[in-house]
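Keep in mind it's a predicted model, so treat the numbers as computed, not measured. The sequence lines fix the lettering, A, B, ..., with proteins before strands; numbering per chain opens at 1.
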There are 2 protein chains.
Amino acid sequence: MSNGFQNHDHARCVSGGISELEHYCAGEGLRLTPVRKRVFELLSSAHRAMGAYELLDHLRAEDLGSQPPVIYRALDFLTSHGFAHKIEGLNAFVACTNPGADHDPAFMICRKCDRVAESNTSPGQLNQMASDAGFEIEHKVVEVLGVCPDCNVQEPS
Amino acid sequence: MSNGFQNHDHARCVSGGISELEHYCAGEGLRLTPVRKRVFELLSSAHRAMGAYELLDHLRAEDLGSQPPVIYRALDFLTSHGFAHKIEGLNAFVACTNPGADHDPAFMICRKCDRVAESNTSPGQLNQMASDAGFEIEHKVVEVLGVCPDCNVQEPS
DNA sequence: TGAAACATGTTACTTTATAACATATCAAAT
DNA sequence: ATTTGATATGTTATAAAGTAACATGTTTCA
């Protein structure tokens with residue numbers, strides 16, 4: 001995978017993500033309601049981190065809901081089933097690029113354009129650290145903030 | 001280092017941290033004002049993640065300030081000089097256990113008692129990922145949420 | 001001793017997130 | 001078909017986290 005910051009067939013990446021989502025929900029008996037599906041579409045096509053209230057603005061414009069709980073519930077659904085991730089460093093959310101797959105994602109987040117690339121880390125190092133300390137891991141947060149190659153072209157710092 | 005969740009001479013760990021802080025500030029010509037020092041002391045002696053408003057309550061009780069900017073300024077000072085870190089996953093702050101040292105910290109955060117252990121990761125893996133993608137790293141966030149050994153004793157899940 | 005840099009005080013506000021409770025819809029078993 | 005339990009939505013209100021902006025004070029050092 002990796003799907004870094006390279007160009008890709010974006011329309012296909014979005015529609016493919018939605019198919020996976022539909023398929024997975026059907027298989028697991030999860031209800032993919034209009035709001036949930038739309039939020040995933042928005043995140044997936046933006047391909048960047050989006051804030052809850054930014055997403056809510058879209059829903060409101062489409063009459064899919066207007067109050068904060070609407071978007072937070074949809075995001076809870078998506079994140080708890082692995083279809084989206086929260087970027088803690090930005091208080092924002094991204095679509096998962098490989099939902100269903102068991103993974104320990106690492107994110108590269110561009111502070112200029114907010115685009116996010118998801119990559120996999122090998123979990124060995126953190127697991128070792130935790131087991132040395134007798135610590136039981138429930139959730140890992142690995143995020144790298146910086147500047148993506150495209151944004152770095154303009155102003156090489 | 002590591003300083004996981006083991007027992008340690010806490011009074012000494014706190015006073016030692018403050019000495020380091022004073023020494024470092026003196027050397028760099030930084031102003032260690034009463035608010036800044038007190039916030040570090042609070043974080044250091046709590047030895048866990050504390051929210052900004054929780055810290056502010058302490059300052060208020062001691063007449064060191066009462067408005068949000070007071071605490072956020074102090075925390076900006078401490079974090080920007082490496083004396084404290086923000087735990088993004090909790091929107092909270094911890095004292096750094098080895099200020100001054102150049103490091104890529106990784107945190108283990110207990111969701112039951114909020115205690116935090118700071119450890120070092122070897123930066124190779126993330127650096128490799130970033131350089132493969134042409135991404136320029138500015139800041140790393142590595143946090144592991146879970147249950148510390150002490151809290152795990154009571155209810156082994 | 002006056003000017004620049006740094007720090008504080010304060011008001012007001014924005015952004016992010018959740019609690020609580022009423023209502024509606026779905027799914028499956030009788 | 002109908003009840004029922006679980007799941008999802010609508011809505012109000014509020015909590016929690018963080019910042020902008022500007023006036024005032026305090027160091028430092030030329």
Side-chain angles (χ1 to χ4, degrees), chain A residues 21-22 25-40 43 49-81 83-94 109 111 114 141 143 145, chain B residues 21 25-40 42-43 49-81 83-94 109 111 114 141 143 145:
Chain A
L21 177 63
E22 288 173 333
C25 286
E28 299 286 313
L30 300 172
R31 293 195 212 161
L32 185 59
T33 63
V35 175
R36 291 169 176 179
K37 184 172 172 180
R38 187 65 185 129
V39 171
F40 181 83
L43 285 175
M50 295 179 76
Y53 284 76
E54 183 185 359
L55 290 163
L56 183 57
D57 287 342
H58 286 271
L59 296 184
R60 187 177 292 123
E62 301 171 15
D63 265 310
L64 283 169
S66 63
Q67 300 303 320
V70 171
I71 184 62
Y72 283 104
R73 284 166 180 161
L75 289 168
D76 278 352
F77 173 84
L78 294 171
T79 54
S80 68
H81 293 97
F83 304 126
H85 298 289
K86 180 171 188 183
I87 303 296
E88 297 289 348
L90 298 178
N91 293 320
F93 300 82
V94 283
I109 303 139
R111 68 167 163 79
D114 277 349
V141 176
E143 300 172 3
L145 308 186
Chain B
L21 176 63
C25 287
E28 300 287 312
L30 300 172
R31 294 196 209 159
L32 185 60
T33 63
V35 175
R36 292 168 175 179
K37 184 172 174 181
R38 187 64 185 129
V39 172
F40 181 82
L42 289 167
L43 285 175
M50 294 179 77
Y53 284 75
E54 183 184 0
L55 290 162
L56 183 56
D57 287 342
H58 285 271
L59 296 184
R60 187 178 293 122
E62 299 170 16
D63 266 309
L64 283 168
S66 62
Q67 300 303 321
V70 171
I71 184 62
Y72 282 104
R73 283 164 179 161
L75 289 168
D76 279 352
F77 173 85
L78 295 172
T79 55
S80 67
H81 293 96
F83 303 126
H85 299 290
K86 180 170 187 184
I87 303 296
E88 298 288 349
L90 297 178
N91 294 323
F93 300 83
V94 282
I109 304 139
R111 69 167 163 79
D114 278 346
V141 176
E143 300 172 1
L145 309 186

Between atom [atom1] in [X] and atom [atom2] in [N], what is the gap in whole Å?
{"X": "A:R73", "N": "D:dT12", "atom1": "CZ", "atom2": "C1'", "value": "12 Å"}
{"X": "A:Y53", "N": "D:dG18", "atom1": "OH", "atom2": "C1'", "value": "14 Å"}
{"X": "B:E54", "N": "D:dA15", "atom1": "CD", "atom2": "P", "value": "18 Å"}
{"X": "B:L55", "N": "D:dA16", "atom1": "CG", "atom2": "C1'", "value": "14 Å"}
{"X": "A:D76", "N": "D:dT9", "atom1": "CG", "atom2": "P", "value": "12 Å"}
{"X": "B:N91", "N": "D:dG18", "atom1": "CG", "atom2": "C1'", "value": "9 Å"}
{"X": "B:R36", "N": "D:dT27", "atom1": "CZ", "atom2": "C1'", "value": "12 Å"}
{"X": "A:D63", "N": "D:dT9", "atom1": "CG", "atom2": "P", "value": "15 Å"}

key: Contact boundaries on DNA chain C for chain A, cut-off under 4.0 Å to non-hydrogen atoms   =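 Nucleotide range in contact with chain A: C:dT16 to C:dC26.
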Which nucleotide in D:dG18, D:dT9, D:dT7 has an atom nearest any side-chain atom of B:P68 =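 Per side-chain heavy atoms of B:P68, the pick is D:dG18.
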inquiry  = For B:H81 and B:F77, take the angle between the two ring planes, folded into 0 to 90°, and tell me which bin it lands in: parallel under 30, tilted 30 to 60, perpendicular over 60.
reply    =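 Tilted: the ring planes of B:H81 and B:F77 meet at 30° to 60°.
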query = Within less than 4.0 Å of OP1 or OP2 of D:dT19, is there a side-chain N or O belonging to B:Y72?
reply =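 Checking B:Y72 against D:dT19: no side-chain N or O falls below 4.0 Å of OP1 or OP2.
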ask   = Does D:dA17 have OP1 or OP2 sitting under 4.0 Å from an N or O in the side chain of B:K86?
value =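 No, no such contact exists.
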Might you point out which heavy atoms bring [X] and [Y] nearest each other, and give the distance in Å?
{"X": "A:K86", "Y": "A:T79", "result": "N-CG2, 4.2 Å"}
{"X": "A:L64", "Y": "A:V70", "result": "O-CG1, 3.9 Å"}
{"X": "A:A74", "Y": "A:V35", "result": "CB-CG1, 3.9 Å"}
{"X": "A:R38", "Y": "A:E62", "result": "NE-OE1, 2.8 Å"}

request  = Given salt bridge (Lys or Arg N to Asp or Glu O under 4.0 Å), test B:R73 with B:D76 step by step and report yes or no.
outcome  = CA-CA 5 Å; B:R73 283 164 179 161; B:D76 279 352; over 6 Å; no
task = For A:F77 and for A:S66, locate the closest nucleotide of DNA chain D by heavy-atom distance; then report the residue assigned to the nucleotide nearer the 5' terminus.
result =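 Result: A:F77.
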request  = Tell me which of A:P69 and A:L90 sits closer to the 5' end of DNA chain C, going by the nucleotide each one is nearest to.
outcome  =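 The residue mapped nearer the 5' terminus is A:L90.
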Donor-acceptor under 3.5 Å (A:R111 side chain, A:L145 main chain) =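 No; judged by distance alone, with no hydrogens or angles, the pair does not exist.
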